[in-house]
Amino acid sequence: MAERGRLLKVVYLDEAGAPIGETPSQQIPDDPFAGYRGVQEPPYSLEQLVFLAETHPTHSSAIEQKAVDVVGTGWRWEALDEESADESERDELEEWFLGLAGDGDETMHELLLAAWLDYETCAVGYLEVARDGSGTARQLYHVPAHTVRFHRDGRRLVQERSGKRVWFRRWGEPGDETVDAGTGRFGARDGREANELFVVRRRSRRSSWYGIPTYVSAIGWITLALAARDDNLHFIANRREPRWAVFLTNLEEDPNLEDDLRRAFTVDLARPHRNILVPITGEGKVTFQKLGEHGDKSDGSFARLQERADAAILVAHRVPPERLGAVRVGPLGGNVAFASSRIYKEGVVSTSQNLLESRINRFV
């Protein structure tokens, strides 16, 4: 009678035949602000929103294109009263406003663009206001939105970076009460008066402190498109190996065998189409049987899924494909770029520009 074989373990191999170890997690750690001195959590993880903006090309391009279109190529000063307007006063305002960028290589236009890019990504953008001894605003600094959280009173904000925290007072809040930059308490001590944060926020239905980006309804499509992309990458990287059914016969009875097999052959969504090695001892037998024809898919599968995902993402952003270089054909073979661009300008760009203009005018 033949001796039964015994399953030892399942080893996953890469193309070179080397065992594949555990795949490290890429998830974002817990929010460091959680439960900290009345700090309010945003409806969506700001770090995850920033991560999404760096992963999908259509989503990333739509965010950056909207920011560029809204901030435009610059600004101009318009007189409230043409008869009494003083040209020298306009020049003085322009010099002061440009000087808010400081003496570095960053311009005022770049500061506004950075803040609005955060606005499109996280639905909130920040600029730090630094004042001189007389209380006049002398310099602005961009503060990344994903590093800042609101206090529940809406008047104070805190930033964390590299394990260090600093508090700010929200610009435009009534009253002269100062905030301590180190502790966040009202009333600065030892000269540690907090600077102000100029906030541009998109109103939302779910939070009194944070906005919600326009594209949140398309996050599922972004995730689906990334999963389809990764499936194709693994399909090619693993030599187009199809999926198989595995039959084990004449193996020695083992109370842990079922759990070991279930754990070893459970579908791993992170690394599909990979090769495996099943070492056994004795006269046991392992048989692989191909399941259907789904393993013979061609390169570039999910093409239609990618197109649907891109369309849904652009709808959520309200950006026409032509703005990103994708030309559509309209009825009778005509081009719809002109009509869609006009709707985009009037419905998205002009509305956002009016918001930004009004906020800057209040600051000036």
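- Hydrophobic clustering (side-chain heavy atoms under 4.5 Å, transitive across Ile, Leu, Val, Met, Phe, Trp, Tyr) groups F363 together with L93.
- Side-chain atoms of R206 and Y44, non-hydrogen and from C-beta on, do get closer than 4.5 Å to each other.
- Heavy-atom contacts from other residues, nucleotides or ligands closer than 6.0 Å to CG of D103 number 12 or fewer.
- Looking at T183, its side chain does come within 3.5 Å of a backbone N or O of R185 through a donor-acceptor pair.
- For the pair R90 and E92, the salt-bridge criterion is not met [side-chain N within less than 4.0 Å of a carboxylate O].
- Side chain of D118 to backbone of A145: a donor-acceptor contact under 3.5 angstrom is found.
- Judged by distance alone, the side chain of H151 and the main-chain N or O of W167 form no donor-acceptor pair under 3.5 Å.
- Contact annotation: the side chain of E357 never approaches that of R359 to less than 4.5 Å [non-hydrogen atoms, C-beta and beyond].
- Classification of R304 and E307 as a salt-bridged pair fails, no side-chain N sitting under 4.0 Å from a carboxylate O.
- Put simply, the side chain of S358 gets close to the backbone of N354: a donor and an acceptor are under 3.5 Å apart.
- With hydrogens and angles disregarded, no donor-acceptor distance shorter than 3.5 Å links the side chain of T351 to the backbone of V348.
- At a threshold of 4.0 Å, the pair R342-E346 counts as salt-bridged, since one of the basic side-chain nitrogens sits closer than that to a carboxylate oxygen.
- Counting only heavy atoms from C-beta outward, the side chains of V166 and V158 never approach each other to under 4.5 Å.
- Side-chain atoms of R205 never come within 3.5 Å of backbone atoms of I212 as a donor-acceptor pair (strictly under, hydrogens ignored).
- Just one of R155, R131, R170 meets the salt bridge (Lys or Arg N to Asp or Glu O under 4.0 Å) condition when paired with E196; it is R131.
- By the 6.0 Å contact criterion, CD on E106 is enclosed, its count of non-hydrogen atoms from other residues, nucleotides or ligands being greater than 12.
- Contact of the Q159 side chain with the P144 side chain is registered, since non-hydrogen atoms from C-beta on lie closer than 4.5 Å.
- A donor-acceptor pair under 3.5 Å is formed between the side chain of R149 and the backbone N or O of H146.
- Rounded to the nearest 0.5 angstrom, Q48 CD and C122 SG are separated by 11.5 Å.
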Before you tell me yes or no, could you show the steps for L324 and Q65 under side-chain contact (heavy atoms from CB on, under 4.5 Å), namely the whole-Å CA-CA distance, both residues' side-chain angles and the distance that decides it to 0.1 Å?
CA-CA 8 Å; L324 306 183; Q65 189 61 57; 3.9 Å; yes
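- Judged by distance alone, the side chain of W96 and the main-chain N or O of A137 form a donor-acceptor pair under 3.5 Å.
- More than 12 heavy atoms of other residues, nucleotides or ligands lie within 6.0 Å of CG in D86, so this atom counts as buried by the packing criterion.
- Taking the six-membered ring for Trp and the full ring otherwise, the centers of H59 and Y215 sit less than 6.0 Å from each other.
- F150 and Y210 have their aromatic ring centers within a separation under 6.0 angstrom.
- E193 places none of its side-chain heavy atoms less than 4.5 Å from the side chain of D180.
- Between K345 and D69, no side-chain nitrogen of the basic residue sits less than 4.0 Å from a carboxylate oxygen of the acidic one, so the salt-bridge criterion is not met.
- Q306 places a side-chain N or O within donor-acceptor distance of the main-chain N or O of A225, the cut-off being under 3.5 Å.
- Of the possible donor and acceptor atoms, one in the side chain of Q353 sits under 3.5 Å from a partner among the backbone N and O of V70.
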